[in-house]
Amino acid sequence: MAKVQRIGILTGGGDCPGLNAVIRAAVRTATRDHSLEVLGIQLGFEGLLMKSCVPLTNELIRGILPKGGTLLRTTNRGNPFEYPVGDRCEDRSAEVIKNIRELGIDGIIAIGGDGTLKIAQRLFEMGIPMIAVPKTIDNDLAATDFTFGFMTAVFVATDAVDRLHSTAESHNRVMVLEVMGRNCGWIALYSGLAGGADIILIPEIPYRPEAIIESIRSRQSEGSSFDIIVVAEGAKRVGGEERYIDRRSRRLGGIAYQVADEIGREINQEIRVTVLGHIQRGGSPIPFDRLLATRFGKAAADLIAHGDFGKMVALRGEQIVAVPIRDAVSNPKYVDINGELVGTARSLGVSFGDGL
Ligand code: F6P
């Protein structure tokens, strides 16, 4: 096997706090420990179609550790296997492979979520030396205990729950907070539990409006005059469907308004809705994510230098390990509805809007 000399790094899909920390750690390790040359590929796989690259030097990455977003910019529209051209899609993967060879890139570190990792796996199967780093605020990737970015999103969402508590209490209101997470309820469950929400609605446990109303009434009968409901954007009622802002691009959103509407007529309290949106993805990563991103970046650079391709770095317990990329993209990691976290919430009196 030819020795790896020049590597590329790209960030794909939605941005996420900690991307810059991965880039910094990977560049430092690659240049200092392995004497590799590093090219930053801009705008994810799109940058490989346009041959849009910048040399990533230690000067360029100085000071980026605490910064949100990604120095390399990103897009969730640049899938080379289904590249949008007008109303149809083209397979431009052959062009990507040709350009990788022409750029003299011996291996690529792809930092991304489910979509990016699926592209990375397909290119790996076509002979491109790939290493993957799992990123997403949704924490929905199998094969790793946590993705970086998730804890920052939980921190932001928990802060929102705290802030809604004081205003809910002052006005005797029901506050419905919609958080991100796609079809997994991790952000809702973690922030709901950490913020002391009364009702948590997650995609894994379809809800019944009657059960939510019953839970609010039961709290009222115990003397409470306000309620906090945290709802994951992918939640749905029993027998119902997810709510989309845009069904074609599968952008979820609006379930909090639906829940408010469904329960509003039955309870004698005012209801207000907050949709937290991209605030959960922006800004500086919290220390947990900076650390995880740094460990992932270092481990990814080691793997690529040693030619151990087709692997994704992952957190298992306290350890950073390498797992096949294909293991991470086979199935989303859903909340275990019989697991300890959901059980703890239930023991504390949290309703998941089920039952009855
Ligand atoms: O996957 C991350 C995520 O923020 C999801 O939680 C959310 O559904 C989606 O991306 C939003 O995507 P966009 O930035 O394209 O609106």
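As the structure lists them, so they are numbered: ligands from 1, and atoms in each ligand from 1.
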> Which residue owns the protein heavy atom closest to atom 2 (C) of ligand 1, what's the atom, and how far is it?
Replying inline: D138 OD2, 3.3 Å
>> Under 4.0 Å from a heavy atom of G181: which atoms of ligand 1 are those, numbered in the order shown and with their elements?
In response: 6 (O)
>> Using a 4.0 Å cut-off to any heavy atom of N76, which atoms of ligand 1 qualify?
In response: 15 (O)
>> Below 3.5 Å, N or O to N or O, backbone or side chain included: is there any such pair between M180 and ligand 1?
In response: no
>> Suppose I only count heavy atoms of R251 and a 4.0 Å limit; which atoms of ligand 1 are within that range?
In response: 16 (O)
>> What I want to find out is whether D289 reaches K135 closely enough, with some N-O distance under 4.0 Å, to be called a salt bridge.
In response: no
> What pairs meet the salt bridge (Lys or Arg N to Asp or Glu O under 4.0 Å) rule with one or both residues in residues 9-32, with sequence neighbours excluded?
Replying inline: D15-R281
> Is it true that Q280 lies under 4.0 Å from ligand 1, counting heavy atoms only?
Replying inline: no
> Are R182 and D140 close enough for a salt bridge, meaning some N to O gap below 4.0 Å?
Replying inline: yes
> Can we say D261 and R265 salt-bridge, meaning some charged N sits less than 4.0 Å from an Asp/Glu carboxylate O?
Replying inline: yes
> What protein heavy atom is closest to atom 16 (O) of ligand 1, reported as residue, atom name and distance in Å?
Replying inline: H278 NE2, 3.1 Å
>> Salt bridge or not between E95 and R92? Use side-chain N to carboxylate O under 4.0 Å.
In response: yes
> Can we say K236 and E241 salt-bridge, meaning some charged N sits less than 4.0 Å from an Asp/Glu carboxylate O?
Replying inline: no
> Does the distance from a Lys or Arg side-chain N to an Asp or Glu carboxylate O, for R217 and E210, drop under 4.0 Å?
Replying inline: no
> So which protein heavy atom does atom 11 (C) of ligand 1 come closest to, and at what separation?
Replying inline: R281 NH1, 3.6 Å
>> Out of all atoms in ligand 1, which are within 4.0 Å of some heavy atom of I137? Include the element for each.
In response: 4 (O)
> In the protein, what heavy atom is nearest to atom 7 (C) of ligand 1, and what distance, to one decimal place, separates them?
Replying inline: E233 OE2, 3.3 Å
